[in-house]
Amino acid sequence: MRRRLLAAAFVAGLLLAPTAGGAETIERFPPPDFETDYRLPEFARRAADSPVWQIVDVVLLAAALSAMTWLLLYKRSRNGVAVMTVACLAYFGFIRGGCVCPIGAIQNVSLGLADPSFVVPWRVVIFFTLPLAFALLVGRVFCGGVCPLGAIQDVVLLKPLKVPGPLAAALGVLPFIYLGLAVLLAATDTAFVICRYDPFVPFFRLAGPLHMFIAGLAFLLVSTFVGRPYCRFVCPYGAVLSICSRVALKRVTVTPDDCIVCGLCEDACPYDCIRKPTAEKGELP
Amino acid sequence: MPVEHDGISRRRFLDKVTRGAVAVAVAGTTAPLAARLGAEGPGTEMVWQIDPLKCIQCGQCATECVLDISAVKCVHDFDMCGYCKLCLGFFKPQPAELDSGAENQVCPTGAITRRFVEDPYYEYVIDEELCIGCGKCVAGCQAFGNGALYLQVRHDRCKNCNECSIAAQCPADAFVKLPAKKPYIVKHLRMEEHK
C-alpha cells in the first residue's frame with residue numbers, strides 16, 4: 001500500500017513537474033470531504049509589534065530628550081547623563097534592537113518625499129523630527145545621551161586622544177558626504193545604506209552578517225582611544241543635527257563671567273568640542 | 001565696560017534667521033509626510049512579505065535574515081491541503097516507515113506534527129517555535145502535493161528592516177512590500193487573484 005502510494009505520488013510529481021516550482025500549482029489531491037466533524041484550522045496570522053510598543057518608544061524618546069535637557073542645562077550633572085546614556089543604550093539599543101532610529105529615518109523621510117506612494121510610519125516621522133526640534137531649542141541632547149550608537153561608543157572609551165585639528169576638520173566633512181549619498185540612494189529607492197552599514201546594530205541584536213560585526217568591532221576598538229568616531233566622522237544624522245544645534249536657542253556654555261580661560265576644559269573634553277571663549281563684538285570691552 | 005548698543009548684534013541676528021530657516025525646513029520636510037499619513041490612515045506603511053507564487057524554495061530565507069533564527073517561517077494554507085497520508089512535505093522521499101520517526105521526516109527540526117484525522121487523511125501542523133524557514137517541506141509539498149505549505153515573513157519576529165537582507169539575496173525576487181494592515185498572503189486567495 002505504502003509503495004503504491006509512493007509510486008503514485010512520484011508519477012504524479014513527474015507528470016506535473018513542468019508546471020511545478022513556479023507560479024502554477026495544480027490541485028493534485030482534491031481537498032477531502034471530511035466525514036467526521038473535523039474543521040479546517042484558520043490560517044495563522046501573527047500580528048506585528050503591538051502599537052503599544054510603538055507608543056512606548058515615542059513616549060520614552062520624548063521623555064529621554066526632556067530628561068537630558070534638564071540634566072544638561074539646569075542640573076549640569078555628568079552622573080545623570082551617564083545614567084541616561086546607559087539606560088538609553090539598554091532600551092533603544094539592546095531591548096528594541098536599535099530600530100527605529102533617527103539616523104536610519106533620514107532614508108525613509110527622503111524616500112517618502114521623493115515617492116508619494118511610500119507611506120512613512122508615524123513613529124519614524126516622530127523619531128526623525130523630535131531630536132531635530134530639540135536640537136533647535138537646546139542643542140544636540142539626542143547625541144548626548146539618548147542615541148544608543150553614541151552610547152555604545154561612550155561606554156568603551158578608555159583614554160581619549162586628541163585628533164589633530166586639521167585631520168578632525170577634514171574627517172568632519174565625511175558625514176555631509178555620507179548624508180548626501182544616503183539621501184540620494186534612498187530617494188531613488190536604490191539602497192538604504194545607513195541601515196546596511198550600521199556598525200552597531202549587529203551588537204544590539206547579537207546577530208547579523210559577519211562583515212558588519214567586524215566593522216562594528218573596528219569602530220569599538222577605535223572608540224577606546226578616540227571619542228565617538230562614528231558620531232563625529234560618519235553619522236549623517238549628526239550632520240543634520242549639527243546645523244540645528246549651531247543656531248540653538250539655548251545650549252550648554254561656559255559661564256563667561258566665571259571663566260579664567262585656563263583651558264582645562266578644552267583639554268578634558270574627549271570630543272574636542274570646547275573652544276576658548278571668544279569675545280562677541282559689542283559685548284566685551 | 002560693555003559697549004552700549006541698541007538692537008541685537010549681527011551674530012545674534014544671523015543665528016535667529018538661520019534658526020527660523022532650519023525650523024521651517026524641518027517643518028516643511030515633515031508636513032507632507034504627516035499629511036499623507038493623515039490621509040492614508042494607520043496601517044498603510046509597508047512591510048516585507050514573500051509572494052508564494054514567486055518563491056523557489058532556495059533555502060536562503062533560513063540563512064540570510066539578520067535574526068539568528070529567521071523571521072521567515074513555513075505556514076500552512078489548510079484550504080489547499082490534500083491531507084495526504086503520504087505527504088512529501090512531511091516525509092522524505094522513500095521513507096523507511098510512514099511514521100513520525102525523525103529519519104523519515106524532511107523537516108530538519110521536526111517542526112511538523114502529523115496527526116490522524118480520519119482514514120486516509122492526516123493533518124499537518126507547523127510548530128513555529130521550531131521552524132527555521134528552510135523551506136524543505138515547502139519544496140516537497142510544491143513538487144508532489146498541492147503546495148499548501150509555503151513561506152511567509154512572520155511579523156511578530158520581523159524587524160522590518162529598511163533593507164531586508166533576505167530580499168537583497170532572493171534569487172527569485174519573491175520579496176514584496178505589503179501594507180501593514182494586510183501583511184500576509186493567503187495562498188489560495190492569491191492564486192485565485194492570479195487567474
Side-chain angles (χ1 to χ4, degrees), chain A residues 2 5-6 9-10 12-13 17 20-21 23 25 27-32 34-36 38 40-41 43-48 97 99 104 107-109 112-113 116 118-122 125 128-129 132-133 136 191-192 195-196 205-209 243-244 246-247 249 280-285, chain B residues 1-3 5 9-11 15 18-19 22-23 26 29-30 32-34 36-37 40 44-47 53-54 56 66-68 75 77-86 88 94 98 117-118 121 125 142-147 154-156 158-159 161-163 165 180 183-184 186 191 194:
Chain A
R2 175 162 59 80
L5 262 172
L6 237 176
F10 269 110
T25 310
E27 202 172 84
R28 291 163 191 146
F29 309 97
F34 292 106
E35 285 161 16
T36 51
Y38 176 78
L40 291 191
F43 177 81
R45 287 184 171 75
R46 280 163 192 267
C99 222
Q107 305 163 116
N108 303 56
V109 169
L113 289 175
F118 182 81
V119 179
V120 185
W122 63 272
V125 176
F128 176 75
T129 319
L132 288 177
L136 268 179
F192 278 42
C195 297
R196 191 189 294 179
R205 293 180 182 167
L206 299 174
I243 299 170
C244 296
R246 207 154 288 178
V247 293
L249 199 61
E280 190 168 349
K281 204 177 163 190
E283 279 197 352
L284 286 172
Chain B
M1 203 185 90
V3 178
H5 59 94
S9 72
R10 178 193 175 87
R11 186 197 275 181
D15 267 10
T18 324
R19 182 158 61 238
V22 174
V26 171
T29 311
T30 327
L33 300 175
R36 197 178 310 150
L37 259 178
E40 303 268 342
T44 39
E45 67 269 13
M46 302 304 244
V47 295
L53 304 194
K54 285 188 186 161
I56 57 164
V66 293
L67 298 175
D68 225 8
V75 297
D77 189 352
F78 288 95
D79 283 279
M80 292 177 70
C81 184
Y83 287 82
C84 311
K85 186 172 182 179
L86 173 62
L88 287 182
Q94 311 276 357
L98 281 193
V117 181
E118 64 181 59
Y121 301 129
V125 177
Q142 183 75 28
F144 300 107
N146 288 353
R154 279 311 202 184
H155 292 291
D156 54 332
C158 179
K159 295 281 178 191
C161 298
N162 275 335
E163 274 240 329
S165 59
Y184 289 105
V186 180
M191 287 174 66
H194 189 68

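Sequence lines set the chain letters: A, B, ... in the order given, protein chains first and strands last, and positions in each chain run from 1.
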Nearest-0.5 Å distance, [atom1] of residue [X] to [atom2] of residue [Y]:
{"X": "B/Thr30", "Y": "A/Leu113", "atom1": "OG1", "atom2": "CG", "result": "8.5 Å"}
{"X": "B/Arg19", "Y": "A/Arg246", "atom1": "CZ", "atom2": "CZ", "result": "14.5 Å"}
{"X": "A/Arg196", "Y": "B/Cys161", "atom1": "CZ", "atom2": "SG", "result": "12.0 Å"}
{"X": "A/Arg28", "Y": "B/Phe144", "atom1": "CZ", "atom2": "CZ", "result": "8.5 Å"}

Which pair of heavy atoms, one from A/Phe29 and one from B/Asn146, lies closest together, and at what distance? O-ND2, 2.6 Å

Relative to chain B, which segment of [X] carries a heavy atom at a distance below 4.5 Å: side chain, backbone, both, or neither?
{"X": "A/Tyr38", "value": "side chain"}
{"X": "A/Ala191", "value": "both"}
{"X": "A/Arg205", "value": "side chain"}

Keeping [X] on the side-chain end and [Y] on the backbone end, is there a donor-acceptor pair under 3.5 Å?
{"X": "B/Glu163", "Y": "A/Cys195", "value": "no"}
{"X": "B/Tyr184", "Y": "A/Ala44", "value": "no"}
{"X": "A/Gln107", "Y": "B/Asn162", "value": "no"}
{"X": "B/Arg36", "Y": "A/Pro116", "value": "yes"}

Using a cut-off of under 4.5 Å for heavy-atom pairs, which of [options] has the most such pairs with chain B?
{"options": "A/Pro31, A/Ala207, A/Gly112, A/Pro32", "answer": "A/Pro32"}
{"options": "A/Val109, A/Thr36, A/Leu206", "answer": "A/Thr36"}
{"options": "A/Pro30, A/Pro41, A/Pro121, A/Cys99", "answer": "A/Pro41"}

Among B/Leu33, B/Thr29, B/Val26, whose side chain to side chain contact (heavy atoms under 4.5 Å, CB included) with A/Thr129 holds? B/Val26

Contacting region of [X] [heavy-atom separation from chain A under 4.5 Å]:
{"X": "B/Cys84", "answer": "side chain"}
{"X": "B/Val22", "answer": "both"}
{"X": "B/Pro183", "answer": "neither"}

Among the listed options B/Val125, B/Leu67, B/Asp79, B/Val47, the residue most often paired with chain A at heavy-atom distances under 4.5 Å: B/Asp79

Quick one, B/Glu45 and A/Trp122 - any side-chain contact, counting heavy atoms below 4.5 Å? no

